[in-house]
Amino acid sequence: MLKIYNTLTNQKQVFKPINPSSVGIYVCGMTVYDFCHMGHARVLVMFDVMTRHMRRTFPKVKYVRNITDIDDKIINRSIENQEDIYTLTNRFIKAMHEDEIALNILKPDFEPRATESIDQMYSMIASLIEKGFAYQGKNGDVYYSVKSFKNYGKLSGKNLDDLKAGARVDIESDKRDPLDFVLWKMAKPNEPKWSSPWGEGRPGWHLECSAMSTHHLGNHFDIHGGGMDLTFPHHENEIAQSEGANNCSFVNTWMHVGFVNINDEKMSKSLNNFFTIRDVLEKYDGETLRYFLISSHYRSPLNFSDENLASAKSALTRLYTATRGLSASSKAMDQVTMRFDYEKRFNEALDDDFNTPIALSILFEIAKHANTEREDDKDQAGALSELLKKLGNHIGIMRYDADDYLKMGIELSDAKIDEKIYQRESARALKDFAMSDQIRDELLALGIILEDSINGTTWRRK
RNA sequence: GGCUGGGUAGCAAAGCGGUUAUGCAGGGGCCUGCAAAGCCUUAUAGACCGGUUCGACUCCGGUCCCAGCCUCCA
């Protein structure tokens, strides 16, 4: 029984799909004017884990994650770079897709772009104006009138009076109320623009997501997610727009992913304390990074540090080491399935609001079990190893062969390493341990660890 | 100030009203020429103060502290 923490109710709730034969999920994706950073990575990975689990739980999942490819930041960056917005956004969309592959993120079913969804935004604006939720200011901008929507604030737990107290007044705008937000913004000279019944301009950010989500998933759908910073105002505004325009409930379950912090402070573009996914991939492989991101619960803050990444790397290495050189008969695999409840507990952990730390702890139990059986019952150890890989795959880790993973990224060729190992074996045969240890140290300096066993010497990366 | 969360052993991170979380790092042991890996074993917890209870890290109240949102942000 799947339970999900719902921001709307501030509670973990049993998830009941609107239509069990097709679950709809929408996640606010990236604004593509720069490389994705670790905060984006966390959202990508979290919803990947979540949708992988949902796909095993429900017959069909429709996962939509949009791309915001028009907004002020994109326009500003394109002016800075002296390139048109499509050149800019296409470049970063490509980079984002590369990052996703490194992190083993499965593609969403739909990845709509704002610039390709303008028509849907027109109809939403028209509907909002017609129903009295929106108005056009003298400057041409179309605004949503927040006070016309009685449930405004229900997601973020805010009330209009408190918001008003701290509201900033935007001098350039023509809002009736400082809290009103823009649905359609008039283009300034030389800005990208689309012609519309309200004049040439571009859509407001909040509008995009309302239009794209309902277009793909219907006016009322199951789950909407994003980073915690989107709760207010972005998601609050989406609710106001969608429920206003469509006159029905918008989303049942709202999910928000916690921040990635640096020194206990939010990583963000504005604070300029961010690391891009690519920065991190220079030092750690994508799977280590993914492991790190799922090693804490998705709603908790996650502190980014080299120490924590190194710890993630060691932990993942332990899992791979446990699966090394094992295989299993189908009989042993059946027996393991029958005798132990690892898989059941693993699924229960994910059913409990996607509790990945618990799911991982079960993988370590299996690893220990396999290690223990390795000497006595290699077939069973192999079956446990297969189970470990299978469950790991459910959350997008353990995707490599153990040897491939443990030897990944070493400069020296296999032949050279084998030659060194042979030299060392010869020295050891002569009990020339000084020479033997020297060779081992040489390889260690190149990041290669030698391991002697009765079956000979093998190596892995440090 | 308003609204959310949170404070767990050296570090990271969970569940749980009474019984080993888990990983990394540390101590001791087995194994090894020595290592590595692995196994066995071990120490170090629950911000503070009260309350409820036979029993609280877990529930309730208060205090202190931290983070986030309230402005673009995942």
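Below, chains carry the letters A, B, ... as their sequence lines are ordered, and counting in each starts from 1. Note: hydrogens, waters and symmetry copies are ignored here, and every other heavy atom, side chains too, is used.
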Smallest heavy-atom separation, A/Glu238 atom then A/His206 atom, equals CG-O, 3.7 Å

Grab the two heavy atoms, one from A/Asp353 and one from A/Tyr298, that are nearest each other, plus how far apart they are.
OD1-OH, 2.7 Å

Students often get this wrong, so: under 4.0 angstrom with heavy atoms, is [X] touching a base, only sugar-phosphate, or nothing?
X        : answer
A/Asp229 : base
A/Gly258 : base
A/Thr458 : nothing

At less than 4.0 Å, is any side-chain N or O atom of [X] found next to OP1 or OP2 of [N]? Yes or no.
X        : N      : value
A/Ser300 : B/rA14 : yes
A/Arg318 : B/rG38 : yes
A/Tyr320 : B/rA37 : no
A/Lys431 : B/rC34 : no
A/Lys313 : B/rC24 : no
A/Asn371 : B/rC39 : yes

Counting only side-chain heavy atoms from C-beta out, which of [options] sits nearest to [X]?
X        : options                : answer
A/Arg460 : B/rA37, B/rA21, B/rG5  : B/rA37
A/Tyr5   : B/rA14, B/rG5, B/rG23  : B/rG5
A/Phe433 : B/rC72, B/rA74, B/rG33 : B/rG33
A/Ser314 : B/rC3, B/rC24, B/rA74  : B/rC24
A/Ile449 : B/rA36, B/rG23, B/rC72 : B/rA36
A/Asn308 : B/rA12, B/rG23, B/rC34 : B/rA12
A/Asn261 : B/rC70, B/rA74, B/rA67 : B/rA67
A/Phe259 : B/rU71, B/rA14, B/rA74 : B/rA74
A/Arg424 : B/rG68, B/rG33, B/rA21 : B/rG33
A/Arg440 : B/rU22, B/rA37, B/rA35 : B/rA35

Expressed as a whole number of Å, how far does the [atom1] atom of [N] sit from that of [M]?
N      : M      : atom1 : result
B/rA14 : B/rC24 : C1'   : 16 Å
B/rC49 : B/rG7  : C1'   : 16 Å
B/rG38 : B/rG23 : C1'   : 16 Å
B/rA74 : B/rA37 : P     : 40 Å
B/rA47 : B/rA43 : C1'   : 23 Å
B/rA12 : B/rG62 : C1'   : 31 Å

According to the Watson-Crick and G-U wobble definitions, with both distances under 3.5 Å, which nucleotide is paired to B/rG1?
B/rC70

Find the partner of B/rG38: check Watson-Crick (N1-N3 plus N6-O4 or O6-N4) and G-U wobble (N1-O2, O6-N3) distances, both under 3.5 Å, and reply none if neither fits.
B/rC30

Sequence neighbours excluded, which residues qualify as side-chain contact (heavy atoms from CB on, under 4.5 Å) partners of A/Glu307?
A/Ser305

Given RNA chain B, 5'-ward residue of the pair A/Ala367 and A/Gly39, judged by closest heavy atom
A/Ala367

Result for 5'-nearest mapping on RNA chain B, choosing between A/Leu316 and A/Arg428, is A/Leu316

Tell me, which of residues 66-80 of chain A have any heavy atom that sits under 4.0 Å from an atom in RNA chain B?
A/Lys73

For A/Lys416, side-chain hydrogen bond (donor to acceptor under 3.5 Å, both in side chains) partners two or more places apart
none

Decide if atom CG of A/Asp441 counts as having more than 12 heavy atoms of other residues, nucleotides or ligands within a radius under 6.0 Å.
yes

For atom NZ of A/Lys154, decide whether the heavy atoms of other residues, nucleotides or ligands shown that lie under 6.0 angstrom number more than 12.
yes

Keeping the roles fixed (side chain from A/Asn393, backbone from A/Lys389), state whether a donor-acceptor pair exists under 3.5 Å.
yes

Do the side chain of A/Lys269 and the base of B/rC72 come within less than 3.5 angstrom through a donor-acceptor pair of N or O atoms?
no

Test for a donor-acceptor pair under 3.5 Å between the base of B/rG5 and the side chain of A/Arg299, counting only N and O atoms.
no

Rounded distance (Å) that lies between atom [atom2] of [N] and atom [atom1] of [X]:
X        : N      : atom1 : atom2 : value
A/Leu302 : B/rA74 : CG    : C1'   : 13 Å
A/Leu8   : B/rC3  : CG    : C1'   : 15 Å
A/His297 : B/rG5  : NE2   : C1'   : 12 Å

Is the distance between the ring centroids of A/Tyr33 and A/Phe92 under 6.0 Å?
no

Less than 4.0 Å between a side-chain N and a carboxylate O, is that true for A/Asp452 and A/Arg424?
yes

Salt bridge present between A/Glu425 and A/Arg428 (N-O < 4.0 angstrom):
yes

